[in-house]
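Just so you know, these numbers use all the heavy atoms, side chains as well, and skip hydrogens, waters and symmetry mates.
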Amino acid sequence: MKTSSKVIVIILVVIGVGIFGYTQYASASQIGVTVTQSELLEENEYGSTYNVELQFENPSLLALTAGDSTFFVLADNQTVGQGELEPFVLPPLGSSMAKGTYQTEPESSYNDDATLKISGSTKYDMLFTTIEIPFVLYPDKEQIREFIDDS
């Protein structure tokens, strides 16, 4: 095989791997999140503490190991509380439950017409790098009641 043919094959392989990597990164940035469980642990003058469980759906072909995950709960763009999730593994084309805790702010409140959103980011360890992918969840009225029932 000539040297020029070898170079062309190597370039095509590199381009193919790059395209595959980019498409999987784009798919991974579309990870879905839903609230599956929320349980009040403690209520005091500093706010309320909850156990929470979120389900993540992975649309990519990459297995993702999640490290640090933090999230904020906002009602009409005002912070109602914040939380952290334990590390978890998200299988390719699969789902995984992530458990954590959530702390409301003292005297936080919102009205029933408020737009509530859960916004955060998760750091995923990949082969040679770590990527941080944001997530946003706009819960329905039932999930809002389950997630924050003391406001």
Working for side-chain contact (heavy atoms from CB on, under 4.5 Å), residues Thr101 and Asn51: CA-CA 5 Å; Thr101 57; Asn51 268 342; 3.9 Å; yes

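- If you take CD1 on Ile118 and CD on Gln82, they are separated by 13.5 Å, rounding to the nearest 0.5 Å.
- Under a 3.5 Å cut-off, the side chain of Ser96 and the backbone N or O of Val89 do form a donor-acceptor pair.
- A pairwise comparison of heavy atoms in Val80 and Ala75 identifies CG2-CB, 3.5 Å as the closest pair.
- Met97 CE to Leu54 CG: the interatomic distance, rounded to the nearest 0.5 Å, is 9.5 Å.
- Closest approach of Leu74 to Ser119, counting heavy atoms only: CD1-CB, 4.3 Å.
- Using a 30° and 60° split on the angle between ring planes, Tyr102 and Phe71 fall in the parallel class, below 30°.
- Of all the heavy atoms in Ser48 and Leu40, the pair that sits closest is CB-CD1, 3.8 Å.
- Taking OG1 of Thr49 as the start and CD of Glu39 as the end, the distance is 12.0 Å to the nearest 0.5 Å.
- Take Phe88 and apply the ring pair (Phe, Tyr, Trp, His ring centres under 6.0 Å) test, not counting sequence neighbours, and it matches Phe56.
- Take Asn44 and apply the side-chain hydrogen bond (donor to acceptor under 3.5 Å, both in side chains) test, not counting sequence neighbours, and it matches Glu42.
- Under the rule for a side-chain hydrogen bond (donor to acceptor under 3.5 Å, both in side chains), the partners of Ser95 that lie at least two apart in sequence or sit in another chain are Gln55.
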